[in-house]
Amino acid sequence: MKYGIVIMLQQIRTYLVFFILLLFSVSVNAQIDSKKKNVSIPAIENENDTLDASPTTPAKSLGNTGNFGGITIPKSTPNLKMPKKEFSMFGEDFGDPGELYADRLKKQQSSITNKLELGTKGSKVDVFFGNHRTTSKTVQVLYRDYGLEDGDLIRVSVNDEIVEYRVGLINVFRGFTIKLREGVNKIEFLALNEGYALPNTAHFRVLDENKNIIAADMWALSINVKGTVNIIKDPN
């Protein structure tokens, strides 16, 4: 019986020793792992990385000219004025629609004038078509546009009195009849415009009471220019 108890105590001691060794082994491994995980690397200080809290000194102005690192800096030009471009709404440039229309009309007039071989400049001074004598008591004053019917307008006066205030010229002769006074009878044709095919063009005739031509001529006048013909009535 004693022998069995001894054997049992020896087994218990063996188990205890084994258990203690196991615990010691686990503790050693845990310490080794902890040391491996917590290895600290000392920081390397750099003299150039020190933080300088002193205020920053602004860079010195180089002025208009100077050298910077061996490179010559050209003189700056303050208050440089750039050319201004007017704003426009048509095509590349935009502007007043009225001006655009006027430009197009001028181009159209020039095109028509060139195609019809019409002159672009009328007389800038008043034109005198001479003195013409007759014994007729009345005369017929006729006029027409010998060129293109382009809206030419005239005003006709006899002895400084307006007979036709505003009349348009067509390609057919038309006009009026007047009674002549003794002496000079002045007939004036004033160009009110130049139509769209410059200038104001017309062909006039003055016929006596027997339909004979007393005077006839043609004009090409600029605006506000007059053509004058005198019909002198002689005594019968």
Side-chain angles (χ1 to χ4, degrees), residues 97-236:
E99 293 179 359
L100 179 64
Y101 175 78
D103 291 340
R104 289 180 177 175
L105 184 60
K106 287 181 181 179
K107 291 180 181 179
Q108 183 181 12
Q109 290 176 348
S110 177
S111 176
I112 293 174
T113 299
N114 292 335
K115 288 180 180 179
L116 296 177
E117 297 181 352
L118 298 176
T120 57
K121 293 183 180 180
S123 175
K124 299 292 184 180
V125 297
D126 293 343
V127 179
F128 181 60
F129 297 112
N131 296 313
H132 304 271
R133 312 186 78 91
T134 183
T135 58
S136 179
K137 295 180 180 180
T138 62
V139 293
Q140 190 175 12
V141 181
L142 304 175
Y143 36 78
R144 71 180 182 95
D145 193 334
Y146 65 80
L148 182 69
E149 288 187 11
D150 58 340
D152 287 340
L153 299 173
I154 61 172
R155 181 175 298 161
V156 186
S157 301
V158 177
N159 296 326
D160 299 322
E161 293 184 3
I162 297 175
V163 178
E164 294 284 356
Y165 184 80
R166 183 183 180 93
V167 60
L169 297 176
I170 60 176
N171 291 143
V172 178
F173 277 111
R174 58 180 179 173
F176 55 88
T177 300
I178 60 171
K179 183 178 180 180
L180 296 177
R181 67 185 184 183
E182 295 290 335
V184 178
N185 295 267
K186 182 175 64 175
I187 303 173
E188 290 181 333
F189 306 96
L190 174 65
L192 299 178
N193 70 348
E194 296 179 278
Y196 61 81
L198 309 182
N200 186 302
T201 54
H203 175 200
F204 78 89
R205 286 178 179 174
V206 179
L207 308 180
D208 64 14
E209 54 196 2
N210 296 318
K211 304 300 180 182
N212 298 316
I213 297 176
I214 301 172
D217 214 322
M218 294 185 292
W219 73 66
L221 305 177
S222 295
I223 187 171
N224 293 327
V225 177
K226 294 184 295 184
T228 304
V229 60
N230 289 334
I231 306 297
I232 302 174
K233 182 181 181 307
D234 293 326
N236 290 334

Practice prompt. Would you indicate whether the side-chain heavy atoms of Ile162 and Ser157 approach each other to under 4.5 Å?
Written response: yes
Practice prompt. Carefully, step by step, assess Trp219 and Ile154 under the rule side chain to side chain contact (heavy atoms under 4.5 Å, CB included).
Written response: CA-CA 12 Å; Trp219 73 66; Ile154 61 172; 3.9 Å; yes
Fill in: Between CZ on residue Arg205 and CE on residue Met218, distance to nearest 0.5 Å
10.5 Å
Discussion item. Closer than 3.5 angstrom, by distance alone: can the side chain of Asp152 be matched with the main-chain N or O of Ala202 as a donor-acceptor pair?
Written reply: no
Worksheet item: Does the side chain of Ile231 come within less than 4.5 Å of Ile214's, by heavy atoms?
Response: yes
Worksheet item: Nearest heavy-atom pair of Gly227 and Leu221: which atoms, and what distance?
Response: N-CD1, 3.9 Å
Worksheet item: Got Arg155 and Glu188 here, is their nearest side-chain heavy-atom distance under 4.5 Å?
Response: no
Worksheet item: Between the main-chain N or O of Asn212 and the side-chain N or O of Asn210, is there a donor-acceptor pair closer than 3.5 Å?
Response: no
Worksheet item: Which heavy atom of Glu194 sits nearest a heavy atom of Ser222, and at what distance?
Response: OE2-CA, 3.3 Å
Worksheet item: Does Arg174 CZ have over 12 foreign heavy atoms under 6.0 Å away?
Response: yes
Discussion item. Apply side chain to side chain contact (heavy atoms under 4.5 Å, CB included) to residues Val206 and Ile213 and explain how you reach the verdict.
Written reply: CA-CA 6 Å; Val206 179; Ile213 297 176; over 6 Å; no
Discussion item. Using 0.5 Å steps for rounding, measure from the CG atom of Leu190 to the CG atom of Asn224.
Written reply: 6.0 Å
Worksheet item: Heavy-atom distance under 4.5 Å between the side chains of Val172 and Arg144, does that happen here?
Response: no
Worksheet item: Looking at CD1 of Ile187 and NZ of Lys226, how far apart are the two atoms once the value is rounded to the nearest 0.5 Å?
Response: 14.0 Å
Discussion item. Any non-hydrogen side-chain atom of Leu169 less than 4.5 Å from a side-chain atom of Glu149?
Written reply: no
Worksheet item: Between Phe189 and Tyr143, what is the ring plane arrangement, given parallel below 30°, perpendicular above 60°, and tilted in between?
Response: perpendicular
Response to the item:
Paired with Phe176, the side-chain contact (heavy atoms from CB on, under 4.5 Å) test is passed by just one of Val139, Val167, Leu142, Val156, namely Val156
Practice prompt. Kindly compute the distance separating CZ (Arg166) from CG (Leu153), expressed to the nearest 0.5 Å.
Written response: 4.5 Å
Worksheet item: Is there a side-chain contact between Asn159 and Asn185, using heavy atoms and a 4.5 Å cut-off?
Response: yes
Worksheet item: By side chain to side chain donor-acceptor pair (under 3.5 Å), which residues pair with Asn131, not counting sequence neighbours?
Response: Asn230
Worksheet item: Is there a side-chain contact between Lys233 and Ser136 (heavy atoms, below 4.5 Å)?
Response: no
Practice prompt. Verify whether one side chain among Thr201 and Asp145 offers a donor that lies under 3.5 Å from an acceptor in the other.
Written response: yes
Practice prompt. Find the distance between NZ (Lys124) and CD1 (Ile223) and round it off to the nearest 0.5 Å.
Written response: 9.5 Å
Worksheet item: Should Thr228 and Lys186 count as side-chain neighbours, where that means a heavy-atom distance under 4.5 Å?
Response: yes
Item to complete: Assess whether atom CD of Glu161 is packed by more than 12 heavy atoms of other residues, nucleotides or ligands within 6.0 Å.
Response: no
Worksheet item: Got a donor-acceptor contact below 3.5 angstrom from the Asp150 side chain to the Ala197 backbone?
Response: yes
Item to complete: Would you confirm whether the ring centroid of Phe204 sits within less than 6.0 angstrom of the ring centroid of Phe129?
Response: yes
